[in-house]
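The next block holds one structure in the form of structure tokens; read it before the comments.
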Amino acid sequence: MTDNTVPALSPAAAPQDEVARRNAQLEKLTEAYGNPFDITRFDKTHAAAAIKEEFAQLANGEKTDTRVSVAGRVMAIRNGGMFIVILDDSDRLQIFHDIKHVPPERAELLNLVDLGDIIGVTGIVRRTPRGEITVDAENLTILSKALEPPPEKFHGLKDVDARFRHREQDLVATPRTRETLRARYKMVAAIRQFLYERGFLEVETPMLHTLAGGAIAKPFVTHHNALDMPLYMRIAPELHLKRLVIGGLSEKVFEINRCFRNEGLSPRHNPEFTSLELYEAYVDFTAMIEITEAIIYHVAVTLHGSGKVMFDEKEIDFTPPWPRLGMVDLIKTHTGVDFDGLTDVEAARAAAQKIGVQTMPGLSWGQVVEAVFGEKVEDRLIQPTHVVDLPKEISPLAKAWPDRPHVAQRFETYVNGWEIANAFSELNDPREQRARFMEQAEQKRGPDDPPHPIDEDFIKALAFGMPPMGGLGVGIDRLGMLMTDSKSIREVIAFPTMRPDEG
RNA sequence: GACCUCGUAGCUCAGCUGGUAGAGCAUCUGACUUUUAAUCAGAGGGUCGCGGGUUCGAAUCCCGCCGGGGUCACCA
């Protein structure tokens, strides 16, 4: 700010390269008006949406005497700077400069504004004759200079690779991305609020485990230097959450946080994903059915004002109650095969084979049923459905029915063919739990799978006495997909896992 | 990991069976001025993902690699 004279534009010095040109703009700006990056604050009085709302009744061509200060990113410059459109986190807003009468110093500053810059403007609100709420600028400040150009203004960023790698650009350029991610975070907040109101305590349990338990999945392995031992990124928080209830920290706990599974990526799988897990003492899995329906219905109503949500041109109705159908019964309905009558594993495998489902030798009856369900039924469960009576063999942490020992007191909820919730009456008999873990350790899912370790700390915790309780897990990302009509899990994760873009 | 498919200007895309790279937006110059994907005239901008091969000649055909998407495998 040493000199107030308007620096002359030298066409000869006009850089060919856009980034170089913007750097030159920054130099001119710094010279004449000070370094924009030295600015530390701008006192906004209004969000763009707030102005549009406050003056919704203003007639075309009508002017107010209301002075506002607004700030945002420059999205469009029309008529040589006469109209500038900015975007803040609420909406777009048009800024007007009367080019013919603007003081020369500001005219020069206006020339230094580029698409993508962050500007602050103070001025008077009016509605143009064409009907656009506009701020007639009395003052303009370039608060930050964009040294790289924004994506194309109309088509935005289409390249999905670029969209996920440069999410900040995607957010600026793609309204849908802003809507989707905002809806996802609003959904998470709604779930937290719902659970707080019902007396659940939100807790935190370790992400680094000495043993990856609570589910069966390949963990990410890391190493602790000082302790010189391997640590595993958690695949589920389940066992620690139960230990908090055992200790009586709260009879109702939940955690919404990341889990990590070192497995394939797909439109429905990201290596790190978010789950809700909750535990409530003194209730069984039927209470989990009710709370699952209540949470998800609450989310739908919060986001859409209704239990009915469009996904992929299908209407999904989350209004409770949802049907509860047995896994074996569903298989019977869709294939005609009744696995209840096929208690012999080899007979079950043969029946599966007959309807085109290959299974590996050595599987349990429950694993065969699970495989058939996965191939023949899952995809057809579009409307919310609780699949109940899952085989005990695939439910190592769930209580079995006393009168039906091969069936667990468990359900999985399916929507649009995806499993989005999984819950059971939690097994609290330490002797039985040890036996289940031993069985699980022996069961080989694939030839290369390592034996599953037994979590002795958890068994010991059960031996200390765990109240009967219900537990529930909900896949937050998939629920977010359903609520935002997103076909890929990457759409609802701000920064999905990507390979580095090199070479 | 396997298969299919895509990768061209900063962005969005075109480029047929091989003939030596184009448009719109953005940028620059000029005009115009109450526009809203502003408009009009002109200009600059490309190791066609990378590397190799076939060919007189490759963005185009072949092989390998890198990156993305999809399907499968994997996945409580």
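Atom set for the values below is all heavy atoms of this structure, side chains included, hydrogens, waters and symmetry mates excluded. Here the structure is a predicted model, which is why all the values come from computation and not from measurement. Residue numbers start from 1 in every chain, and the chains themselves are labelled A, B, ... in the order their sequence lines are given, proteins ahead of strands.
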Sugar-phosphate only, base, or nothing, as touched by A:Arg126 at under 4.0 Å among non-hydrogen atoms: base
Sugar-phosphate only, base, or nothing, as touched by A:Leu115 at under 4.0 Å among non-hydrogen atoms: sugar-phosphate
Touch class at under 4.0 angstrom, heavy-atom based, for A:Leu390 against every strand present: nothing
Touch class at under 4.0 angstrom, heavy-atom based, for A:Gly80 against every strand present: nothing
Gap between atoms CG and P, on A:Asp161 and B:rG69 respectively (whole Å): 7 Å
C1' spacing across the pair B:rA14 / B:rU71, given as an integer number of angstrom: 29 Å
Between B:rA2 and B:rG22 - P atom distance, rounded Å: 40 Å
Any A:Lys153 side-chain nitrogen or oxygen under 4.0 Å from OP1 or OP2 of B:rA26: yes
Rounded distance in Å - CE (A:Met360) to P (B:rA73): 13 Å
is_close_aromatic(A:Phe83, A:Phe96), centroid dist under 6.0 Å: yes
Side-chain N or O of A:Arg499 closer than 4.0 Å to phosphate OP1/OP2 of B:rG68: yes
Between A:Ser275 and A:Arg258: side-chain donor-acceptor atoms closer than 3.5 Å: no
Distance-only donor-acceptor check, side chains A:Arg163 and A:Thr174, under 3.5 Å: no
Sugar-phosphate, base or nothing in reach of A:Val160, heavy atoms under 4.0 Å: sugar-phosphate
Rounded distance in Å - NE2 (A:His155) to P (B:rU12): 10 Å
Touch class at under 4.0 angstrom, heavy-atom based, for A:Asp98 against every strand present: nothing
Modelled atom types, side-chain donor and acceptor of A:Asn416 and A:Lys314, under 3.5 Å: yes
Between C1' of B:rC75 and CZ of A:Phe373, the distance in whole Å: 15 Å
